[in-house]
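See structure below.
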Amino acid sequence: MSTSPLAPTGMASGPFGGPQAQQAAREVNTATLCRIGQETVQDIVYRTMEIFQLLRNMQLPNGVTYHTGTYQDRLTKLQDHLRQLSILFRKLRLVYDKCNENCGGMDPIPVEQLIPYVDEDGSKNDDRAGPPRFASEERREIVEVNKKLKQKNQQLKQIMDQLRNLIWDINAMLAMRN
């Protein structure tokens, strides 16, 4: 009995599973596909780390007769890891395409609505509590507040410069008097 790479664990896709089990194996849950995709990405990262480990330990042939058997063994391992990495990327592409196919009829929700935000009074606000507030609106408000803050800082700098000049003049007059 063989299992397909897209079938969840325990579901048979072979001839012994019956028509209902075979149909269930073909119609995989999107959440299961996401889990399989996550595991595939973890495998890709692990294989990539192994490849870099092999490359770090591998000495390049520069004319020195350094254990050619060891070099050939490491080169074979490296080629095997690259081949497996290619297979994992193809599997990830299949999972991605299947997820997009399963979610094709869904209405896309803007990402801004999926991000909860905190009001000025410190209370959390979800989309259910009122009209949605987009991240772009918050960004615009933050930019506006930053502009006002820069203007106030500029005014304070001018006042400090004027006070510094006034103190300088007072000190100069006191020095002339003495």
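Note that the structure is predicted; figures quoted are calculated from it, not measured. What's counted below: heavy atoms across the whole structure, side chains too, no hydrogens, waters or symmetry copies.
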What distance separates E144 CD from R140 CZ, expressed to the nearest 0.5 Å?
6.5 Å
If the condition is side chain to side chain donor-acceptor pair (under 3.5 Å), which residues does N100 pass it with, not counting sequence neighbours?
Y96
Solution key, residues 42-52 side-chain donor-acceptor pairs under 3.5 Å, sequence neighbours excluded:
{"unit_1": "Y46", "atom_1": "OH", "unit_2": "E50", "atom_2": "OE2", "d": "2.6"}
{"unit_1": "R47", "atom_1": "NE", "unit_2": "Q84", "atom_2": "OE1", "d": "3.3"}
{"unit_1": "R47", "atom_1": "NH1", "unit_2": "H81", "atom_2": "ND1", "d": "3.4"}
{"unit_1": "R47", "atom_1": "NH1", "unit_2": "Q84", "atom_2": "OE1", "d": "2.5"}
{"unit_1": "R47", "atom_1": "NH2", "unit_2": "Q84", "atom_2": "OE1", "d": "3.1"}
{"unit_1": "T48", "atom_1": "OG1", "unit_2": "I44", "atom_2": "O", "d": "2.7"}
{"unit_1": "E50", "atom_1": "OE1", "unit_2": "H81", "atom_2": "ND1", "d": "3.3"}
{"unit_1": "E50", "atom_1": "OE1", "unit_2": "H81", "atom_2": "NE2", "d": "3.4"}

If you take all heavy atoms of L92 and G37, which pair is closest and at what distance?
CD1-O, 3.8 Å
If we only count heavy atoms from C-beta on, is the I87 to R90 side-chain gap below 4.5 Å?
yes
Once rounded to the nearest 0.5 Å, what's the spacing between atom NZ of K77 and atom CG of L54?
6.5 Å
Please enumerate all residues that pass side chain to side chain contact (heavy atoms under 4.5 Å, CB included) together with V143, with sequence neighbours excluded.
R139, K147
Answer yes or no: is there a donor N or O on one side and an acceptor on the other, between the side chain of S86 and the main chain of L82, under 3.5 Å?
no
From CG (L149) to CD (Q151), nearest 0.5 Å:
10.0 Å
Should V145 and K148 count as side-chain neighbours, where that means a heavy-atom distance under 4.5 Å?
no
D97 and E101, any side-chain heavy atoms less than 4.5 Å apart:
no
Just do the side chain to side chain contact (heavy atoms under 4.5 Å, CB included) check on V95 and K98 with the steps written out, would you?
CA-CA 5 Å; V95 170; K98 186 68 175 173; 5.8 Å; no
Let me check something: do L174 and L166 share a hydrophobic cluster, defined by ILVMFWY side-chain heavy atoms less than 4.5 Å apart, either directly or through other members?
yes
Test Q53 against R56 for side-chain hydrogen bond (donor to acceptor under 3.5 Å, both in side chains), laying out the working first.
CA-CA 5 Å; Q53 184 70 23; R56 190 178 71 181; 3.2 Å; yes
What I want to find out is whether D80 reaches R83 closely enough, with some N-O distance under 4.0 Å, to be called a salt bridge.
yes
